[in-house]
Number of protein chains: 2
Amino acid sequence: MKYYSPSETAERTGFSLDTLRYYERIGLLDSVHRASSGHRRFTDDDIGWLGTLSCLRNTGMPIVEMRRFAELCREGDHTMGERIALLEEHDARVSEEIAGMRDRQAYIRNKVKWYREVAAPAASASASV
Amino acid sequence: MKYYSPSETAERTGFSLDTLRYYERIGLLDSVHRASSGHRRFTDDDIGWLGTLSCLRNTGMPIVEMRRFAELCREGDHTMGERIALLEEHDARVSEEIAGMRDRQAYIRNKVKWYREVAAPAASASASV
DNA sequence: GCTTGACCTGGAGCGCGCTCCAGGTTGCAC
DNA sequence: GTGCAACCTGGAGCGCGCTCCAGGTCAAGC
């Protein structure tokens with residue numbers, strides 16, 4: 001079985017060393033292997049799981065909910081339904097978030113357009129906001 | 001000229017009273033009118049500006065950059081170019097953010113799909129992640 | 001055997017963006 | 001004129017998610 005050192009894992013997952021330790025500490029990573037020296041040894045499974053965590057985190061899932069998800073995963077296959085529910089709720093929130101971002105982006109683009117119209121044609125007399 | 005009380009402004013903009021005061025304090029709101037009592041009186045312009053701030057904030061612009069933008073607005077029409085540049089850079093970041101969210105959302109949906117395949121057909125023997 | 005660097009642990013500290021608090025004033029309703 | 005709610009100010013505190021630190025261990029190279 002292939003093992004990865006903490007620094008290699010950090011590099012592969014995009015998490016910092018401290019964050020990897022932190023995630024283990026708070027229960028997002030369960031029972032990370034140790035070398036006889038006590039040094040962490042991450043597996044491909046760990047890397048994969050960290051990828052999932054990264055994805056959830058970067059879509060705005062709060063840590064406490066990721067912990068809940070991790071817990072469900074640890075509890076076994078009978079929690080599939082709950083896991084699906086959790087992810088689908090999150091998915092819905094992500095959709096809302098994206099929709100909101102789009103709307104706000106449109107607002108910003110409009111503002112830029114308006115600025116261009118005011119700014120370009122002539123040093124017009126009107127005030128600016 | 002129409003004036004709005006702090007609480008009415010909070011209601012209209014979605015910002016809390018404390019946030020309105022905070023934004024004024026750090027220079028995101030400039031020279032808010034006062035009643036003789038010292039109470040703030042917001043104008044329609046203020047409300048509009050707060051809408052812009054809300055939009056920028058909710059698309060992830062950090063406060064320090066909003067301050068820069070506010071400063072440019074205060075400096076007058078000759079800063080139009082810089083304002084446009086700032087907003088367009090932000091717009092680009094928002095686009096990236098949205099694209100990233102979409103990708104991650106696809107990952108999550110895939111995961112759900114996979115869960116459904118594993119969970120539904122039979123209480124299969126394989127482990128879960 | 002000594003250095004060097006990657007790693008360990010427990011716990012403190014930090015940056016951001018608010019949010020809350022104490023102690024006081026204002027102004028409307030009764 | 002007494003309540004009461006809304007507001008004021010300056011400054012402290014907080015929640016989140018890390019990030020840093022001190023003091024120590026381990027393993028490999030010279």
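Just so we're on the same page: letters track the sequence lines, and every chain starts at 1.
Atom OH in B:Tyr22 sits roughly 16 Å away from atom P in D:dG10 (whole-Å rounding). Regarding B:Leu56, its CG atom lies at a distance of 16 Å from the C1' atom of C:dG17, rounded to whole Å. Rounded to whole angstrom, the span from the CG atom of B:Asn58 across to the P atom of C:dC18 amounts to 9 Å. Summarising the geometry, the separation between CD on B:Glu24 and P on D:dC7 is reported as 14 Å, rounded to the nearest angstrom. Whole-Å rounding puts the B:Arg25 CZ to C:dC18 P distance at 13 Å. Atom-to-atom, CG of A:Leu29 to P of D:dC18 comes out at 12 Å; the value is rounded to the nearest Å. Rounded to whole Å, the distance from CG on B:Asp18 to P on D:dA12 is 16 Å. Atom P of nucleotide C:dC16 and atom CE of B:Met61 are separated by 16 Å, given to the nearest angstrom.
Phosphate contact (OP1/OP2 of D:dC26, side-chain N/O of A:Arg34, threshold under 4.0 Å): absent. Dashed line: the shortest gap from a side-chain N or O of A:Tyr23 to OP1 or OP2 of D:dG17 is not under 4.0 Å. Between D:dC18 and A:Arg57, a contact under 4.0 Å exists linking OP1 or OP2 to a side-chain N or O. Contact check, B:Arg40 against D:dC7: no side-chain N or O comes under 4.0 Å of OP1 or OP2.
Checked by atom type and distance alone, the side chain of A:Thr79 never pairs as donor or acceptor with a backbone atom of A:Glu82 at under 3.5 Å. At distances below 3.5 Å, not a single donor-acceptor pair connects side-chain atoms of A:Asn110 with backbone N or O atoms of A:Tyr107.
In the displayed structure, A:Glu11 atom CD is contacted under 6.0 Å by at most 12 heavy atoms of other residues, nucleotides or ligands. Counted within 6.0 Å of CZ on A:Arg102, heavy atoms from surrounding residues, nucleotides or ligands total 12 or fewer; the atom is thus considered open.
Atom CZ in B:Arg41 sits 9.0 Å away from atom OG1 in B:Thr9 (nearest 0.5 Å). One distance of note links OG of B:Ser95 with CD of B:Glu88; it measures 11.0 Å at 0.5 Å rounding.
Nearest heavy-atom pair across A:Ile26 and A:Arg67 is O-NE, 3.2 Å. Smallest separation of non-hydrogen atoms from A:Ala70 and A:Trp49: CB-CZ2, 3.6 Å. A pairwise comparison of heavy atoms in A:Ile108 and B:Leu87 identifies CG2-O, 4.1 Å as the closest pair.
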Just by protein heavy atoms under 4.0 Å, how would nucleotides 22-30 of chain C read 5' to 3' in B, S and -?
----SS---
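Distance from the side chain of A:Thr19 is smallest for D:dT19 among the nucleotides C:dC18, D:dG17, D:dT19.
In the interface, the side chain of A:Arg21 is not paired with the base of C:dG10 through any donor and acceptor atom under 3.5 Å apart.
Contacts between residues 3-17 of chain A and DNA chain C, defined by a heavy-atom separation below 4.0 Å, involve A:Ser5, A:Pro6, A:Ser7, listed by number.
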